[in-house]
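Before any comments, here is the structure.
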Number of protein chains: 2
Amino acid sequence: MHRKKAHFIKKERSSPGLRGRIWIDGSEGTFLGYGRIILLELIREHGSITKAAKSMEISYRHAWELVDSMNRQSPKLLVEATTGGRNGGGARLTEEGEKAVNLFWKFYEDFQDFLKHEEKKLSSLLHKRRVR
Amino acid sequence: MHRKKAHFIKKERSSPGLRGRIWIDGSEGTFLGYGRIILLELIREHGSITKAAKSMEISYRHAWELVDSMNRQSPKLLVEATTGGRNGGGARLTEEGEKAVNLFWKFYEDFQDFLKHEEKKLSSLLHKRRVR
DNA sequence: TTTCGATATTCCCTTAAGTATATTACGTTA
DNA sequence: TAACGTAATATACTTAAGGGAATATCGAAA
């Protein structure tokens, strides 16, 4: 699935309609959400938290905190990071990480369908601009 | 529907599971969301933005901004406010406001059902605490 | 015409989330 | 053992959302 820079969706300011977000809560609050999943995918793609963060245009600190949060809340690590070595280290997505990504996208697609479907019940309240 | 203090839901921190929010976007961004609907209901109940704000424990300023935002984005006013008079004035929910409330709760209930249903696909990733 | 309570509006403050930056730790390779 | 690039961690800065308080405005009723 081609999703380059798809995480900017959240900033594409709102044409009228039904919108929403879903996420998976864990023991400490948010476990998996849209941005976290994008981050996991970018870590898989780049093999590095640093590069993933840059390509997402978030700070390394923030990216690292997200990864740490996910790892802490998962029975098995989703991201394995190594420090030092050949190119200073790196990070890779584990099998469990792959599972997490796939599971979330499943939920996500179902949810998009749900929104599309429900949105048909709308229309009455929107439309027609009132001048004041 | 008895929903006293139901707006605290957002603060009830997260037992593991699938979670989400929905809202309706208008021309300027968010038009109707959970908190805004609660606010509308409390305005209907109290006949005043001030009292509604207090009972929701948000500032009058914030409440007023929300009401103004909703009114600006709706073809017809959702809240009619009068200033001055016997008791200083007040605010009431219009027919269109009622419609908005009802419509949102319809979406909301469908969404809760959706979440409950989808959550059954979960379980694999959660469970079992890993000590580190 | 004075009083009263709520709306309407402005200004300043606090707080939290995230950014920016710097430093240390690390381990392979040259 | 020096160099390199990344992880890991700490500290200070920035910014936006909302809170709190102050003030003006309004209109019915006493």
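All chains are named by letter (A, B, ...) in the order of the sequence lines, taking the proteins before the strands, and each is independently numbered beginning at 1. It should be emphasised that the depicted structure is a prediction, and the values quoted were computed from it without experimental measurement.
Rounded to an integer number of Å, the gap from B/R92 CZ to C/dT7 P is 14 Å. At whole-Å resolution of the value, CG in A/L39 and C1' in C/dG18 are 14 Å apart. One interatomic measurement links the two molecules: NZ of A/K54 to C1' of D/dA7, which rounds to 13 Å at whole-angstrom precision. We find that CG of A/N87 is positioned 13 Å from C1' of C/dA30, with the value rounded to whole Å. Atom CG of A/N71 is separated from atom C1' of D/dA8 by 13 Å (rounded to the nearest Å). Between the CG atom of B/D68 and the P atom of C/dT10 there is a distance of 11 Å, rounded to whole Å. Per the geometry, OH belonging to A/Y60 stands 15 Å off C1' belonging to C/dT19, to the nearest Å. For the pair B/E57 CD and D/dA17 P, the computed distance is 22 Å after rounding to whole Å.
One finds no side-chain N or O of B/S48 lying less than 4.0 angstrom from the OP1 or OP2 phosphate oxygen of C/dG5. Contact check, B/T83 against D/dC26: no side-chain N or O comes under 4.0 Å of OP1 or OP2. Contact between the side-chain N/O atoms of B/T82 and the OP1/OP2 oxygens of D/dC26 is not found at any separation under 4.0 Å.
Which of C/dT7, C/dG18, D/dA8 sits closest to the side chain of A/H62 comes down to C/dG18. Listed nucleotides C/dG18, C/dT7, D/dA7 differ in distance to B/I49; the shortest reach to its side chain belongs to C/dT7. Residue A/R61 has its side chain nearest to D/dA10 when only C/dA6, D/dA10, C/dT9 are considered.
Judged by distance alone, with hydrogens and angles left aside, B/R86 brings no side-chain donor or acceptor close enough to the base of C/dT3 to form a pair under 3.5 Å.
If you find the closest nucleotide of DNA chain C to A/G85 and to A/I58, the one lying nearer the 5' end belongs to A/I58. Nearer the 5' end of DNA chain C, as judged by each residue's closest nucleotide, is the contact made by B/G84, out of A/A63 and B/G84.
Heavy atoms of B/G89 sit under 4.0 angstrom from primed sugar atoms or phosphate atoms, though from no base atom.
Salt bridge annotation for B/D68-B/R72: present, with a cationic side-chain nitrogen under 4.0 angstrom from a carboxylate oxygen.
Contact check for B/F107 versus B/L32: no side-chain heavy atoms found under the 4.5 Å cut-off. Side-chain atoms of B/E65 and B/H62, non-hydrogen and from C-beta on, do get closer than 4.5 Å to each other. Two residues are said to be in side-chain contact when any heavy atoms from C-beta on lie closer than 4.5 Å; A/F114 and A/D110 fail this criterion.
The main-chain N or O of A/D25 is never found under 3.5 Å from a side-chain atom of A/T30 such that the two would form a donor-acceptor pair.
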